[in-house]
Amino acid sequence: MKIELKEITVAELADGYADKADEGVVGYGGRLDIRPPYQREFIYKDAQRDAVIDTLHKGFPLNVMYWAVRDDGDFEVIFKTINIAGAELTDQELRNAVYSGAWVTDAKRYFSKRGCAAYGLGGDYLSGSAIRQEYLETAIKWLAGGKSNIETYMGKHQQDTDAKPLWEHFRAVIAWVQKVFPQYRREMKGLDWGAFYAEFKGREFDAEKLERDIVRLMQDDDIKKKSGIYAYLLTGGEHHLNIRAFTPAQKRSAFERQKGKCPVCKKQFGIDDMEGDHITPWREGGKTEPGNCQMLCKECNRRKGGR
């Protein structure tokens, strides 16, 4: 690869500048592809933009930009370059470039613009940014069955003329969420709803009962991860809740009260060989408080946890 250094003025760079929306952005007399159709929208914030303008006003040069010469003799900006003043591409932005075509262009129409359809329908349930392609990444992940399958899915559908199946699946996931959990809470944002939909879409749920359970669990001080309530109600797995553990002082108190004896196997242990346990399990209403704490040897505690 041959790299030649050329000095270009801002005036030359801006000559022929045209923002053609979904068709991309060009400059340098129409010969420089600044933002190809598959690339993200500009994401510089006001402070970043002002810093560039201030640099120019002071007569300093801008950072080096790398242009690739295409077969037709025109140029394309290379974005995958470490640039401390820029914003590095996300994984999905790079995938869009690799699998560019009609499918990516149509998918971006649904998922990649400010105020896009995905934002209006399900923005409350999505984390990240549409223009950084994180909405699109999530939607593909939901349909493809995991992040590791995104590139396989995009390669398979690269030549498709539209991305309607992706949009319809996204709509189905959001509709299912709103049916099962009609009362929105901020803890619902960013959960892996696509995985929940794939596993539980065929099961009937009592939305009113689930809402009562959510209200109760949201008020439970022992639950440290409130967003895990939704996974817990669907799967039954208590590990989603990050239930508050007994403090070292509470465990020491129980250990001394028991005189170091495990109440299950009746054997004597040191405190480092024992673990705090709820006498009345949390799922049966037991609280993480001193009176509900007992110390079990590690083997007995594991056996109890497996039941």
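Index from 1, following the sequence. Bear in mind that the values here come from a model prediction, so they are computed numbers and not experimental data.
Annotation: the span from Glu238 atom CD to Ile243 atom CD1 amounts to 4.5 Å, rounded to 0.5 Å. Between the CD1 atom of Ile229 and the CG atom of Leu234 there is a distance of 12.0 Å, given to the nearest 0.5 Å. Taking CD of Gln294 as the start and CZ of Arg257 as the end, the distance is 9.0 Å to the nearest 0.5 Å. To the nearest 0.5 Å, atom CZ of residue Phe269 and atom CE of residue Met274 are 6.5 Å apart. In this structure, the separation between OH on Tyr153 and NZ on Lys141 is 15.5 Å, given to the nearest 0.5 Å. Separating the CH2 atom in Trp103 from the CD atom in Gln159 is a distance of 12.0 Å, to the nearest 0.5 Å.
Counting heavy atoms from C-beta outward, Pro182 and Glu211 have side chains that stay 4.5 Å or more apart. Here the side chains of Val215 and Gln183 are not in contact, with every heavy-atom distance at 4.5 Å or above. Taking 4.5 Å as the limit, every side-chain heavy atom of Phe205 sits out of range of all side-chain heavy atoms of Phe181. A heavy-atom distance below 4.5 Å is found between the side chains of Trp167 and Leu121. In this structure, the side chains of Asp220 and Lys287 come closer than 4.5 Å at one or more pairs of heavy atoms. Contact annotation: the side chain of Pro263 approaches that of Leu296 to within less than 4.5 Å [non-hydrogen atoms, C-beta and beyond]. Looking only at side-chain heavy atoms (C-beta outward), Leu32 and Leu13 come within less than 4.5 Å of each other. Residues Met188 and Asp124 are not in side-chain contact: their nearest non-hydrogen atoms beyond the backbone lie 4.5 Å or more apart.
No path of Ile, Leu, Val, Met, Phe, Trp and Tyr side chains, each step under 4.5 Å between heavy atoms, connects Ile8 with Val26, placing them in separate hydrophobic clusters. Both Tyr28 and Tyr17 are part of a single hydrophobic cluster, where members link through side-chain heavy atoms under 4.5 Å apart. A continuous path of Ile, Leu, Val, Met, Phe, Trp and Tyr side chains, each step under 4.5 Å between heavy atoms, connects Val177 with Met218, placing both in one hydrophobic cluster. At a threshold of 4.5 Å between side-chain heavy atoms, the hydrophobic network of Ile, Leu, Val, Met, Phe, Trp and Tyr places Ile271 and Val264 in two separate groups.
Environment of NZ in Lys298: crowded, with over 12 heavy atoms of neighbouring residues, nucleotides or ligands closer than 6.0 Å. Other residues, nucleotides and ligands place no more than 12 heavy atoms under 6.0 Å from the CD atom of Glu208. The environment of Asp221 atom CG is sparse: at most 12 non-hydrogen atoms of other residues, nucleotides or ligands sit within 6.0 angstrom. Around the OH atom of Tyr119, the shell of radius 6.0 Å holds no more than 12 heavy atoms that belong to other residues, nucleotides or ligands. Other residues, nucleotides and ligands place no more than 12 heavy atoms under 6.0 Å from the NZ atom of Lys147. A 6.0 Å sphere centred on NZ of Lys226 holds more than 12 heavy atoms belonging to other residues, nucleotides or ligands.
Using a cutoff of 4.0 Å between basic side-chain nitrogens and carboxylate oxygens, Asp213 and Lys209 are scored as salt-bridged. Salt bridge status for Arg302 with Glu275: absent, with no side-chain N to carboxylate O gap under 4.0 Å.
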Test ring pair (Phe, Tyr, Trp, His ring centres under 6.0 Å) applied to Phe111 and Phe170, step by step: CA-CA 10 Å; Phe111 298 100; Phe170 179 81; 5.3 Å; yes

Audit row: Asp106, Asp160, side chain to side chain contact (heavy atoms under 4.5 Å, CB included) steps and yes/no: CA-CA 10 Å; Asp106 195 51; Asp160 290 0; over 6 Å; no

Derivation of the side chain to side chain contact (heavy atoms under 4.5 Å, CB included) call for His240 and Lys225: CA-CA 7 Å; His240 293 293; Lys225 187 178 180 182; over 6 Å; no

For Phe75 and Asp33, run side chain to side chain contact (heavy atoms under 4.5 Å, CB included): C-alpha distance rounded to whole Å, both residues' side-chain angles, the deciding distance at 0.1 Å, then the answer. CA-CA 6 Å; Phe75 307 95; Asp33 208 344; over 6 Å; no

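Between Phe196 and Tyr230, the gap from one ring centroid to the other reaches at least 6.0 Å. With ring centers used as reference points, Tyr184 lies under 6.0 Å from Tyr125.
Shown here are the side chain to side chain contact (heavy atoms under 4.5 Å, CB included) partners of Pro165, two or more places apart in sequence or in another chain: Asp162. For Tyr99, there are no ring-ring contact (aromatic ring centres under 6.0 Å, His included) partners at least two apart in sequence or on another chain. For Glu168, the side chain to side chain contact (heavy atoms under 4.5 Å, CB included) partners two or more places apart in sequence, or in a different chain, are Lys164, Arg171.
No side-chain N or O of Ser129 forms a donor-acceptor pair with one of Glu134 less than 3.5 Å apart.
Between Gln133 and the choices Asn96, Thr90, Thr138, the side-chain hydrogen bond (donor to acceptor under 3.5 Å, both in side chains) rule is met once, by Asn96.
Under the 30°/60° scheme for interplanar angles, the aromatic rings of His278 and Phe246 are found to be tilted. Ring geometry, Trp282 versus Tyr232: the interplanar angle exceeds 60°, so the pair is classed perpendicular (tilted spans 30 to 60°).
The minimum heavy-atom distance linking Thr288 with Asp222 is given by the pair N-OD2, 2.8 Å.
Side-chain atoms of Glu12 come within 3.5 Å of backbone N or O of Thr9 as a donor-acceptor pair.
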